[in-house]
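Here the structure comes first, spelled out in structure tokens, and everything after it is commentary.
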Amino acid sequence: RFEAFAEQYNIFPLAVPHYEALETAVSNMLAEKLQGTSSRSPEIIELGTGTGITTEKLLQAMKGDIRVISIDNEPKMTAQARKKIIDSRATFIEADAFEYLKSLPDNHAEAIVSAFMLHNLEPQYRARVITETSRVLKQNGIFINGDKYAQDNPIDHLKDLSLQLKRFDVFLEKGSKEYWAYWFQHYLDDDRIKFTESEQRKLLQPYFSDITFSNRSVMEAICTAKKK
């Protein structure tokens, strides 16, 4: 869904001004939650590299000897991230998120983090990814997802969606009708398979405790949880 606009993806924050703040918050939350971990070299798996914004924020927030394994199935996105981020602690793998997780052993990673990725998945596939996430995480491992979470109240959700669609007009002001049309349709497509807070909570509850939502801004929020 993103390959055609990989090079222009960095102007997306013009229409979603809280985008970078949410990415920073995801990284800072993870750094705080991993303080005092018994592992000398914790492994963090990032689902959905994109252009490397979350990866970069994670590396800035997490000091010391960590490993960030970032997974994405979009070649152009992965290429951008590799070019931008030169850090021996980061590894970029071009792969499907579910298939990659499935290849890993049980109780493998200290944390699995994602930003603006899981909402793109069809609900049944999303559930499979969460199941594999729980298997791959160590006990007390951390799950953090900063994403497009539809509010459970349909009226509140419609207000959020309408506001965000209006914000895409900034691309028309910049003379990019094609980019406006792409994102406008993208959000309508996402609404067909919208990822609600209640769905995320239901998927996590069999495997995780301390499930919380925070930092909501329009369509987006952050979910954190700890593996039981």
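Residue indices begin at 1 and follow the sequence shown. Values in this document were obtained by computation on a predicted structure and should not be read as measured data.
- Sorted by first then second residue, the salt bridge (Lys or Arg N to Asp or Glu O under 4.0 Å) pairs that include residues 46-57, not counting sequence neighbours, are Glu20-Lys57.
- Under the 3.5 Å distance criterion, the side-chain polar atoms of Asp65 are left unmatched by any main-chain donor or acceptor of Ser41.
- Scanning for side chain to side chain donor-acceptor pair (under 3.5 Å) contacts around Asn153 gives an empty result, with sequence neighbours left out.
- Across every non-hydrogen atom of Val129 and Leu101, the tightest pair is O-CD1, 3.9 Å.
- Between Ala31 and Met62, the shortest heavy-atom distance links the atoms CA-SD, 3.2 Å.
- Residues meeting the side chain to side chain donor-acceptor pair (under 3.5 Å) test with Thr196, sequence neighbours left out: Ser198.
- Checked against salt bridge (charged side-chain N to carboxylate O under 4.0 Å, His left out), Glu99 has the following partners two or more places apart in sequence or in another chain: Lys102.
- Within the 4.5 Å cutoff, no side-chain heavy atoms of His119 are placed close to those of Ile193.
- A donor-acceptor pair shorter than 3.5 Å can be found between the side chains of Asp189 and Gln185.
- Using cut-offs of 30° and 60° for the angle between ring planes, the Trp183 and Tyr179 rings count as perpendicular.
- The ring pair (Phe, Tyr, Trp, His ring centres under 6.0 Å) test applied to Tyr100 returns no partner, not counting sequence neighbours.
- Between the Thr51 side chain and the Gln80 main chain, no donor and acceptor come within less than 3.5 Å of each other.
- The aromatic rings of Phe12 and Tyr19 sit perpendicular, their planes meeting at an angle over 60°, well past the 30° parallel limit.
- Between the side chain of Lys227 and the backbone N or O of Leu137 there is at least one donor-acceptor pair closer than 3.5 Å.
- Partners of Ser217 by side chain to side chain donor-acceptor pair (under 3.5 Å), not counting sequence neighbours, listed by chain and number: His18.
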Determine, stepwise, if the pair Leu165 / Phe184 fulfils side-chain contact (heavy atoms from CB on, under 4.5 Å). CA-CA 6 Å; Leu165 292 176; Phe184 196 96; 3.7 Å; yes

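- When atom types are taken as modelled, the side chain of Arg89 and the backbone of Leu59 share a donor-acceptor pair closer than 3.5 angstrom.
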Using the side-chain contact (heavy atoms from CB on, under 4.5 Å) rule, take Ile222 and Thr224 through it: C-alpha gap first, then chi angles, then the decisive distance, then the call. CA-CA 7 Å; Ile222 298 174; Thr224 62; 4.1 Å; yes

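- Counting heavy atoms from C-beta outward, Ile69 and Ile71 have side chains that approach closer than 4.5 Å.
- Checked by atom type and distance alone, the side chain of Asn145 never pairs as donor or acceptor with a backbone atom of Asp147 at under 3.5 Å.
- Take Thr133 and apply the side chain to side chain donor-acceptor pair (under 3.5 Å) test, not counting sequence neighbours, and it matches no residue.
- Sequence neighbours left out, the pairs with a member in residues 201-212 that pass salt bridge (Lys or Arg N to Asp or Glu O under 4.0 Å) are Asp210-Lys226.
- In this pair, Phe168 and Phe171 present their aromatic rings parallel. The plane angle is below 30°, not in the 30 to 60° band.
- Between the CG atom of Leu22 and the NZ atom of Lys148 there is a distance of 12.5 Å, given to the nearest 0.5 Å.
- Using a distance-only test at 3.5 Å, with no hydrogens or angles considered, a donor-acceptor pair links the side chain of Arg216 to the main chain of Val218.
- For the pair Arg82 and Phe92, the cation-pi criterion (under 6.0 Å, within 45° of the ring axis) is not fulfilled.
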* To do: Show the numbers, then the answer: is there a side-chain contact (heavy atoms from CB on, under 4.5 Å) between Val68 and Ile66?
  => CA-CA 7 Å; Val68 178; Ile66 63 165; 3.8 Å; yes

inquiry  = Pair Arg167, Val16 - check side-chain contact (heavy atoms from CB on, under 4.5 Å), show working.
reply    = CA-CA 7 Å; Arg167 284 183 172 181; Val16 186; 5.8 Å; no

### Task
Test salt bridge (charged side-chain N to carboxylate O under 4.0 Å, His left out) on Lys33 and Glu110 and set out the steps.
CA-CA 10 Å; Lys33 289 180 180 296; Glu110 279 74 19; over 6 Å; no

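- Taking every heavy atom of both residues into account, Asp72 and Gly50 meet most closely at OD2-N, 2.8 Å.
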Determine all donor-acceptor pairs shorter than 3.5 Å in which one atom belongs to a side chain in residues 155-164; sequence neighbours excluded.
{"unit_1": "His157", "atom_1": "NE2", "unit_2": "Asp191", "atom_2": "OD1", "d": "2.5"}
{"unit_1": "Asp160", "atom_1": "OD2", "unit_2": "Gln151", "atom_2": "NE2", "d": "2.7"}
{"unit_1": "Ser162", "atom_1": "OG", "unit_2": "Leu158", "atom_2": "O", "d": "2.9"}
{"unit_1": "Gln164", "atom_1": "NE2", "unit_2": "Ala15", "atom_2": "O", "d": "3.0"}

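- If you check the side chains of Glu23 and Thr54, you find a donor sitting under 3.5 Å from an acceptor.
- With sequence neighbours excluded, the residues satisfying salt bridge (charged side-chain N to carboxylate O under 4.0 Å, His left out) with Asp106 are Arg135.
- Residues in residues 118-127 take part in these salt bridge (Lys or Arg N to Asp or Glu O under 4.0 Å) pairs, two or more places apart or across chains: Glu122-Arg192, Arg126-Glu199.
- When all heavy atoms of Ile44 and Val113 are compared, the closest pair comes out as CG2-CG1, 3.8 Å.
- Every ring pair (Phe, Tyr, Trp, His ring centres under 6.0 Å) that Phe195 has, sequence neighbours left out, goes to Tyr149.
- Neither side chain, Thr49 nor Thr78, offers a donor N or O lying under 3.5 Å from an acceptor on the other.
- Nearest heavy atom pair, residue Met117 against residue Gly48, reads CG-CA, 3.9 Å.
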